[in-house]
Amino acid sequence: MQEAVNAIVALMILANFLLLGTGSLRAAIRIVAIQGLALGLLPLLVHEKGLTLRLAIIAVLVILLKGIIIPRVLMKGLRELNTGRGITYYVGPVASLLIGILVMGSSLWWGYLLPLPDQPGYRLAIPMVFFTIISGLFLIVTRRQALMQIIGYLVLENGIYAFGVFFAQSESMLIEIGILLDVFVGVFIMGVMVFHISREFDSIEAGQLSTLKDWFRERRKSTETESPS
Amino acid sequence: MMIVALVLIPAVAGLLSFVLKSVTLRRALLMVTTVTQSALTVAAWLRRPEPVLDGWLAMDALGLVFMSVVSGLCLITSVYVINYLAKEPSGKRPDLEEPVFFANEPEAVFIGCLLLFQSTMTLVTLSHNFGVLWVAVEATTLSSAPLIYFHRHHRSLEATWKYLVICSVGIALALLGTFFLVYAATGTPSGSVRLVVEDLVAKATLLKTPWLKTAFIFMLVGYGTKMGLAPLHSWLPDAHSEAPSVVSALLSGALLNCAFLGILRVTQVLTAAGSGEFARTLLLGFGITSVVTAMIFIVGQLDYKRLLAYSSIEHMGILAIGVGIGGLGTFGGLLHAVNHSLTKGMLFLVAGNILAQFRSKANSAVSGMFVTLPRTSILWMAGLLAITGTPPFGSFISELTIIRAAFAAGHTWMAITLLAALGIIFVAMAAIFLRMLYGSSPEEQSVRSPLSESLFSILPPAILCLAVLVLGIFVPPALDRVLTEAGRLLGGQ
């Protein structure tokens with residue numbers, strides 16, 4: 001069991017590095033799907049008490065939603081968008097990977113400092129959670145496309161969910177299903193919005209979304225000069 | 001039973017309105033649902049309903065206050081919204097600000113989401129389990145996003161995208177905070193404590209304090225993003241200015257309170273655990289930052305809907321300060337939450353009337369309102385006085401209570417900063433509002449007859465205005481009792 005858990009933790013860390021380094025939207029969706037699958041297997045392996053029906057249902061739901069359905073929806077959306085398949089960046093892949101290594105290193109350091117004596121077996125778990133959460137936030141901020149912001153959000157959520165699996169078993173399945181449902185509907189609505197963005201701007205660059213500012217008069221002027229009518 | 005009905009009725013009605021074909025039937029459904037919801041709320045005041053689902057859903061004083069605000073605002077805005085939808089042209093039409101064309105979202109989606117929004121907000125006010133609370137708050141984000149994107153043009157799209165991404169990420173951090181709370185509650189001397197507010201409060205001293213504090217920080221940042229506390233507020237002015245005014249009224253009046261309730265719930269646990277001082281210090285810090293940030297953006301604001309949005313940030317800051325002071329300040333903060341909701345709901349509805357007449361959100365495009373829109377003007381003037389905390393309106397009483405509590409608790413500098421900021425905001429807002437009210441009206445405006453002054457566009461904000469006025473003259477004993485009880489839950493007097 002221990003080895004299997006460690007293997008999955010390592011897989012999730014690897015997925016983060018791959019996401020930071022990839023230049024293709026298609027690959028990014030695939031990687032986040034793999035991370036979702038790995039996350040789904042986690043609850044089955046972490047619990048010493050053995051497999052209960054409740055754990056099995058949760059695992060199946062996570063695998064279905066995060067490993068299959070959400071990536072499918074994103075992939076289908078990507079196919080319908082008539083834009084490039086490459087990721088555009090504010091911070092490029094090489095720099096992202098270097099930052100990723102730094103974050104992973106400091107996560108290992110923090111992980112050893114934190115007082116979490118209850119689960120001595122999973123020393124890598126806390127660094128993985130930190131690294132995944134920070135990778136998610138980093139992807140949201142440094143990738144230009146709206147689609148990559150959804151993927152960043154998913155990675156962030158995966159990290160938080162992994163923390164829940166290791167250290168915070170909630171008392172009820174109902175709540176876990178509620179959380180999953182919220183995430184799914186959230187990603188779905190964001191996907192619909194990306195579709196609207198691509199129709200409105202002929203691109204899925206979130207950088208296009210920068211009209212709303214506080215100095216109204218200046219905004220007025222700039223739109224007037226762009227399109228005199 | 002009643003608690004389940006309160007959540008389910010608008011949810012079912014919302015789903016139903018997605019499939020209903022008839023426009024009249026759908027609008028009637030909205031009206032009937034909000035009236036039923038208000039009737040149930042009145043019943044809850046008379047007799048507090050029993051908790052259900054092992055205490056996951058319950059109604060305490062705190063929840064009752066916030067739920068009443070939600071039900072009341074939804075009822076009043078639904079009158080306004082039906083009138084608003086009836087006047088919205090169908091098909092593509094030119095944008096008011098830029099040379100583009102846009103269409104509206106289908107009305108079925110709009111009304112459906114409006115009802116789902118009400119259901120999820122009610123669920124927030126009734127959740128006593130932190131997991132359910134999180135699910136409900138995230139659900140409010142999801143059900144309100146389509147409301148902001150009612151006018152389908154690129155500006156509202158931008159506002160909706162920012163709202164969705166920023167709030168979802170913020171609330172994801174609140175989920176992490178919730179997990180920290182679970183961790184703080186597992187493996188205590190008396191076993192694991194359930195994640196229900198009452199249980200956590202009862203066994204608060206057994207929880208692991210460092211994790212409890214970490215949980216508070218994450219939940220404050222998470223729910224604070226949604227509440228619009230500076231510096232986490234960046235989605236708020238965009239969403240409030242681009243959404244239809246009636247949606248802005250609900251966002252500002254009801255939704256921000258719901259997020260605040262999330263913070264209050266975890267504050268309850270911290271106070272019981274003896275870390276109340278820690279929570280209050282953080283609230284004070286975020287509160288005063290919000291007030292000052294809002295002040296900077298209110299001075300010289302050129303867009304009157306954004307002005308109202310920044311004013312919401314200011315008032316959220318005041319609420320945080322009120323609770324952060326503790327004692328009598330908590331009572332003041334809760335009373336102020338009610339006052340702010342009523343006032344801001346009214347102001348956004350009035351702003352909707354102004355926008356319909358002058359067809360611009362720029363302050364400079366509006367002048368001479370007393371000539372073109374006499375009734376709206378009176379409400380706009382009253383709104384100015386109410387929002388800036390001028391007597392005899394309710395916000396005067398609540399702001400005074402908070403400032404007095406601040407001096408009494410020894411937060412002298414906090415009180416002085418707050419007073420100065422309130423003074424500057426008063427002058428800045430008065431300058432903008434008065435310029436809109438007086439002066440000569442533009443040529444084209446005097447030709448256009450004041451169409452937007454129909455009964456249904458004036459009555460809803462007028463009722464809200466009257467309510468704030470009444471709260472300024474006297475606080476009804478029932479409300480006073482409930483607010484005091486709610487304050488006691490938070491460790492106040």
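Throughout, protein chains are lettered first and strands after them, A, B, ... in sequence-line order, and every chain is numbered starting at 1.
- Tested against A/E157 for a side-chain contact (heavy atoms from CB on, under 4.5 Å), the candidates B/V169, B/L176, B/L175 yield a single pass: B/L175.
- Interface residue A/I179: backbone and side-chain heavy atoms are both found under 4.5 Å from chain B.
- For B/F180, the parts sitting under 4.5 Å from any heavy atom of chain A are the backbone and the side chain alike.
- Annotation: the span from A/I150 atom CD1 to B/L164 atom CG amounts to 9.0 Å, rounded to 0.5 Å.
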### Query
Run the side chain to side chain contact (heavy atoms under 4.5 Å, CB included) check on B/W134 and A/D182 step by step: do they pass?
CA-CA 10 Å; B/W134 185 86; A/D182 265 354; 4.0 Å; yes
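- In this structure, no portion of B/A185 lies under 4.5 Å from any heavy atom of chain A.
- Between B/W211 and A/F163, the shortest heavy-atom contact is CZ3-CZ, 4.5 Å.
- Shown here for A/I160 and B/A172, the closest heavy-atom pair between the two residues is CD1-O, 3.0 Å.
- Nearest heavy atoms, B/E138 versus A/Y153: OE2-OH, 3.8 Å.
- Taken from CD in B/E158 to CD1 in A/I197, the straight-line distance is 9.5 Å, to the nearest 0.5 Å.
- Atom CE of A/M193 is separated from atom OH of B/Y149 by 6.0 Å, given to the nearest 0.5 angstrom.
- Using a 4.5 Å cut-off between heavy atoms, A/I133 contacts chain B through its side chain alone, with no backbone atom that close.
- Remark: B/S168 OG to A/Q149 CD distance equals 11.5 Å, nearest 0.5 Å.
- Contact annotation for A/F188: neither backbone nor side-chain heavy atoms come within less than 4.5 Å of a heavy atom of chain B.
- B/T160 touches chain A through its side chain: at least one heavy atom from C-beta onward sits under 4.5 Å away, while N, CA, C and O do not.
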